[in-house]
**Student:** 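Could you have a look at this structure, given as structure tokens, before my questions?
For reference, positions follow the sequence shown, starting with 1.
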Amino acid sequence: MLRPHVPVNPLPTGHTIPLHKPAPVVDVEPVAPAPTPTPAPVAPARSTVQLTPGSALALAAGGGAVVLVVGAVLVSMLLAVALTGVSVALIAIVLRLLVRDMQKGR
């Protein structure tokens, strides 16, 4: 039932594809192993970050601003989705009423 079929070209083009012949194997002389590399220098340990009261206050204010902006964006997206849902529901009600009136023949 499911047998592979190799198509035959009814009009040969005259182009032949040469068979790939592997190159003869040449003896390779062994090479001495490479010397081991020297280890990379170790970077000095970093000191811990010291927060001054001013930088801590700036960091807290920046984090609060980010939270407020992300919150405002998420609330506006939620409001847009809610308004879209309400408008689609109202359109569905109006269309249903119109179809019912058309079926009654008014």
**Student:** Between atom CG of L79 and atom CG of L74, what is the distance when rounded to the nearest 0.5 Å?
**Tutor:**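 So the CG of L79 and the CG of L74 are separated by 12.5 Å.
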**Student:** Could you go through the side-chain contact (heavy atoms from CB on, under 4.5 Å) check for V94 and L98 one step at a time?
**Tutor:** CA-CA 6 Å; V94 169; L98 287 174; 4.2 Å; yes
**Student:** Can you run down the side chain to side chain donor-acceptor pair (under 3.5 Å) pairs that involve residues 60-72, sequence neighbours left out, and say none if there aren't any?
**Tutor:**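 Of all non-adjacent pairs touching residues 60-72, none passes side chain to side chain donor-acceptor pair (under 3.5 Å).
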**Student:** Return the set of residues passing side-chain hydrogen bond (donor to acceptor under 3.5 Å, both in side chains) with T52 (not counting sequence neighbours), or none when no residue passes.
**Tutor:**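 side-chain hydrogen bond (donor to acceptor under 3.5 Å, both in side chains) list for T52, sorted by chain: S55.
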**Student:** Working to the nearest 0.5 angstrom, can you tell me the gap between L97 CG and I93 CD1?
**Tutor:**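 Between atom CG of L97 and atom CD1 of I93 there are 7.5 Å.
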